[in-house]
Amino acid sequence: MPLHSPRSLTVQWGSDSVLVSNIEPTLPGSPGERDIAKVVEAGNANPATPLPDAAWQAVARSTTGPDGLAVQLRSTEEEPNGLLMVENVEGATLRSVVTRVRLNEMLPGIQPRTGMEVMEIADPQVQGITSEGRPCAVIGYRYKDLQHLRDHMWQTIHGTLSLNSYAVSILARGVTRNVITHPVEITFEDGTDPLYSLVVRDGITRMASSWAVLAGPGAEPAEAATLAVDSLLGKPGAAPTTGSSPLGERLAASRERWRQGLREEFAQEMAAPEPGVRAAQIAQTFVLPAQIAVGAEGHPDHLLASEDIFDDAIRSVLASVHVEFKQWDTAAQNVEVATRALKRVIQLGDAQVRKSDLQVVYGLAVGRITVEELPQVFAGDPPGTALWRGVYLVHALSRPELLERLKDQAKAIKGGRRMGLKGFAELLGPLIDLPWRSRKKLVTAQARNAWNNGGVLTADVVGEWEPHPTDDFTSLVAPALAGDIDARCTLAVAGGMALIADKLLTRNVGSALSAPREKGGVPFRADVSLVIEGLSEEGNELGLWTLALAANRFRSDDLPENAVTMRQLTRKEKSQDGTDTPYVHFKVDLEAEDKIARDADGVPVTLHQWDVVWASDPARALKAHPPRTVVVPQQYVPVPPEPGATGTSTGLGAGVAATEGTGTEQTGAADHGSDTNQADSTRSPWGAVPPPLLSRPASQRAADHRHMLRQSVTAARDALDHLHALEPEVGGHTPIVPLSVLDELHELLIGLQTDVENLRRRTVRGGEPSAEGEETDEESQEAAGV
């Protein structure tokens with residue numbers, strides 16, 4: 001029995017009262033050098049756990065129970081592999097220890113669900129590690145420099161907390177389920193000392209939520225992420241980046257000093273008659289239960305190389321959790337299946353494709369090879385654009401000698417029996433849209449539905465062909481019409497991807513047949529892949545020009561104006577000076593010199609999905625929608641209003657007069673407001689406004705506060721505009737503003753709007769009491785939307 005029973009207390013967390021249980025009176029200390037040596041010795045003696053000494057030292061430093069860890073590792077005659085937890089996954093056996101680990105000794109690992117998101121900070125390069133040809137339970141992360149590591153950690157924790165948080169639950173009960181971790185070797189391209197640490201692979205939300213608890217009830221995700229990074233790697237200005245000892249030892253000493261400060265703070269809190277919320281924050285987050293993978297063994301018939309066995313086994317464990325129980329979304333699952341299937345095909349080596357070429361394709365698929373590097377890694381000097389990346393990726397993954405093997409491995413990973421071209425195209429969707437998914441996220445769902453419906457995988461595309469690099473896709477139309485399979489397939493893939501990404505070709509559903517042309521309607525139903533196949537047929541000049549012009553005009557950094565029904569959905573205002581080049585896809589006219597259709601006024605006609613589907617099979621479209629005889633109606637002559645009609649007449653003249661009268665009044669009000677703005681624009685900025693001294697007259701102080709109110713509202717408007725501009729760059733991994741912050745801002749703004757409306761009403765009435773009296777506040781709240 002413990003000498004002191006755990007305490008329970010009720011604390012205030014924001015606006016909630018939380019009952020906190022199981023608070024131990026003391027925090028665990030840190031292991032000494034002898035304890036660390038004991039764990040290293042036991043680990044090296046166990047034949048199933050071939051880890052480097054530095055990895056064992058990182059494990060020992062992290063745990064609160066080194067003696068218990070050594071007992072689990074110790075080999076006996078009855079248990080030669082010790083008392084390790086054993087998990088058999090596909091192709092490998094994992095061995096783990098179960099213990100408790102200090103929060104600030106664990107780094108967040110790479111999350112599989114982020115494989116379908118565009119991140120601001122790129123993931124590190126990942127490489128498996130072996131020992132004498134055997135797989136080690138260690139993975140190598142290679143960062144550019146220490147700042148890259150800091151930024152990547154901050155991004156992961158901030159993005160995780162922006163999506164979900166268990167802070168209140170962890171404050172009440174602590175983390176109750178093991179996080180899955182393993183050692184990681186961190187190296188740097190700039191020559192910074194390597195270091196070893198533990199990395200969390202499953203349970204990142206629990207770990208990030210613990211940092212949110214430690215940061216406090218009012219802390220935003222950014223504050224919690226900064227606290228985590230500073231406690232793990234030291235503050236930027238005081239990070240121990242230089243010294244006689246290795247970087248790993250200096251960082252370990254820095255983390256221990258941080259923990260010692262928490263112990264002292266906790267002791268002071270617990271010594272008080274009534275411990276406060278800070279004691280609960282520290283006690284519930286200081287350590288987390290963990291399952292640490294320390295050994296991996298490949299099965300005799302495994303397919304992967306030794307350096308890939310452990311990482312694939314860990315990913316298999318995570319997939320079993322997040323596919324069967326806590327599912328990733330479909331796109332994240334597709335990225336996981338596609339990349340693992342490609343990795344297995346590379347290790348099998350029977351795809352009649354050189355492994356070096358497949359490694360390039362893998363790097364391109366997961367984003368390790370950038371778009372700009374495309375001309376260096378593929379023959380023919382292709383342009384370094386996002387669209388050409390997609391062309392080469394589709395060509396490589398759908399070639400006949402690779403397609404069936406990829407489908408077989410994907411079926412094995414997913415546990416299915418069949419996979420057609422539509423199922424395979426579904427896997428490709430979130431790989432292809434990697435460079436533009438954040439900029440076109442308003443239509444990402446429709447684009448991925450189009451990939452689920454076959455995408456660009458036509459009968460010719462999955463056959464024998466080679467990409468035809470060019471800077472002008474229209475130059476491929478002539479050879480395509482002459483029967484050049486390379487030109488036709490290049491146009492099919494490039495133009496098809498452009499149309500899908502810009503929502504000009506979507507999965508046809510029944511309602512699209514009855515929708516008008518401008519609302520995404522189609523003349524007939526057909527799978528996406530069949531539409532692209534029709535567009536790229538050898539004799540379809542209209543279809544080939546449609547593909548070529550779409551590919552030429554495609555931009556990876558924006559949506560075209562005809563991609564969505566309402567322009568307002570893109571949240572982008574046209575520039576006042578007209579310098580912005582409009583991004584629009586135009587309908588094709590084969591009779592025009594530039595092949596762009598124009599109306600009677602000479603204005604180019606925008607392209608719609610109706611036109612794309614029509615161009616894929618004009619004969620079928622004409623059969624479904626034969627031309628109709630145009631009936632010209634008689635000219636309508638309005639009846640003049642009766643003499644002496646009042647302003648309430650429904651006649652045209654009266655309506656115009658009423659409108660003009662209203663407009664005149666509004667113009668006068670607007671002019672008055674603009675004069676006020678011009679006068680206020682000459683005032684000094686915030687810092688120059690004198691403080692509201694009590695000795696000054698109230699009217700002068702009121703003028704200062706009016707100025708501050710105007711400047712504050714203007715600054716808020718500017719901040720919101722900046723947030724809208726940054727939203728595409730942030731991507732989909734985290735909202736630009738968390739929902740909790742938006743709710744709080746919304747409440748504040750509603751209150752501000754109500755107060756402003758009350759002042760406005762009193763000013764309009766000249767300070768006179770309202771005729772309705774007590775109903776004024778209710779009316780103003782109704783006007784504000786409360």
Distance (rounded to the nearest 0.5 Å) between Thr187 OG1 and Glu185 CD: 6.0 Å
Per-pair distances, 0.1 Å, donor-acceptor, side chain in residues 43-50, under 3.5 Å, sequence neighbours excluded:
from	atom 1	to	atom 2	distance (Å)
Asn44	ND2	Val40	O	3.3
Asn44	ND2	Asp53	OD1	2.9
Asn46	OD1	Ala48	N	2.9
Asn46	ND2	Leu73	O	2.8
Asn46	ND2	Asn81	O	3.0
Thr49	OG1	Gly43	O	2.9
Thr49	OG1	Asn46	O	3.4

Short side-chain to backbone donor-acceptor contact, Ser8 and Ser21, under 3.5 Å: no
N/O donor-acceptor pair under 3.5 Å between Ser62 side chain and Ala58 backbone: yes
Check: Thr76 side chain, Glu79 main-chain N or O, donor-acceptor pair, under 3.5 Å: yes
Side-chain (Ser254) to main-chain (Arg250) donor-acceptor, under 3.5 angstrom: no
Among Arg255, Arg259, Glu256, the one residue meeting side chain to side chain donor-acceptor pair (under 3.5 Å) with Asn104: Arg259
Aromatic plane relationship, Tyr143 with Tyr141 - under 30° parallel, 30 to 60° tilted, over 60° perpendicular: perpendicular
Closest approach of Ala92 to Ile309 (non-hydrogen atoms, all atoms of both residues): CB-CG2, 3.7 Å
Interatomic distance, Phe286 atom CZ to Thr64 atom OG1 [nearest 0.5 angstrom]: 9.5 Å
Distance in Å, Arg201 CZ paired with His182 NE2, rounded so as to fall on 0.5 Å steps: 4.0 Å
Test item: side-chain donor near acceptor, Gln260 and Glu265, under 3.5 Å: no
Glu264 side-chain N/O to Gly261 backbone N/O, donor-acceptor pair under 3.5 Å: no
Arg173 and Ser169: side chain donor to acceptor below 3.5 Å: yes
Ring centers of Phe188, His148 separated by less than 6.0 Å: no
Minimum-distance pair of heavy atoms, taken over all atoms of Asp193 and Pro246: OD2-CA, 4.0 Å
Heavy atoms of other groups near Glu744 CD, more than 12 under 6.0 Å: no
Shortest non-hydrogen separation from Asp35 to Pro66 and the atoms involved: CB-CG, 3.8 Å
Verdict with supporting geometry, Tyr362 and Ile369, side-chain contact (heavy atoms from CB on, under 4.5 Å): CA-CA 9 Å; Tyr362 182 83; Ile369 297 177; over 6 Å; no
Heavy-atom donor-acceptor pair, Ser17 side chain to Trp13 backbone, under 3.5 Å: no
Heavy-atom closest pair, residues Pro108 and Ile204: CB-CG2, 4.5 Å
Atom CD of Glu41: over 12 foreign heavy atoms under 6.0 Å: no
Arg263 and Ser30 side chains, donor-acceptor separation under 3.5 Å: yes
Gln281 side-chain N/O to Leu214 backbone N/O, donor-acceptor pair under 3.5 Å: yes
Side chains of Asn88 and Thr93, donor plus acceptor under 3.5 Å: yes
side-chain contact (heavy atoms from CB on, under 4.5 Å) between Glu87 and Gln291, worked out: CA-CA 12 Å; Glu87 288 181 283; Gln291 170 187 331; 2.9 Å; yes
Side-chain donor/acceptor of Thr181 to backbone N/O of Val200, under 3.5 Å: no
Short N-O contact, Asp190 and Lys144, less than 4.0 angstrom: no
Over all atoms of both residues, closest heavy-atom pair of Met270 and Ala279: SD-CB, 4.0 Å
Rounded distance (nearest 0.5 Å) linking atom CD of Gln284 with atom CD1 of Ile23: 5.5 Å
Pair Asp230 + Arg150, salt bridge at N-O below 4.0 Å: yes
Any donor-acceptor N/O pair, Gln72 side chain to Gly82 backbone, under 3.5 Å: no
CG on Leu745 to CG on Leu720, rounded to 0.5 Å: 9.0 Å
CZ on Arg102 to CG on Leu198, rounded to 0.5 Å: 11.5 Å
Closest non-hydrogen atom pair, Val175 against Arg206: CG1-CD, 4.0 Å
Side-chain ion pair, Glu297 and Arg95, N-O less than 4.0 Å: yes
Candidate pair Val138 and Val184, rule side-chain contact (heavy atoms from CB on, under 4.5 Å), full reasoning: CA-CA 5 Å; Val138 181; Val184 62; 5.5 Å; no
Polar side chain donor-acceptor pair, Thr63 to Thr99, under 3.5 angstrom: yes
Short side-chain donor-acceptor distance under 3.5 Å, Thr285 and Trp211: no
Main-chain N/O of Gln147 paired with Asp145 side-chain donor or acceptor, under 3.5 Å: yes
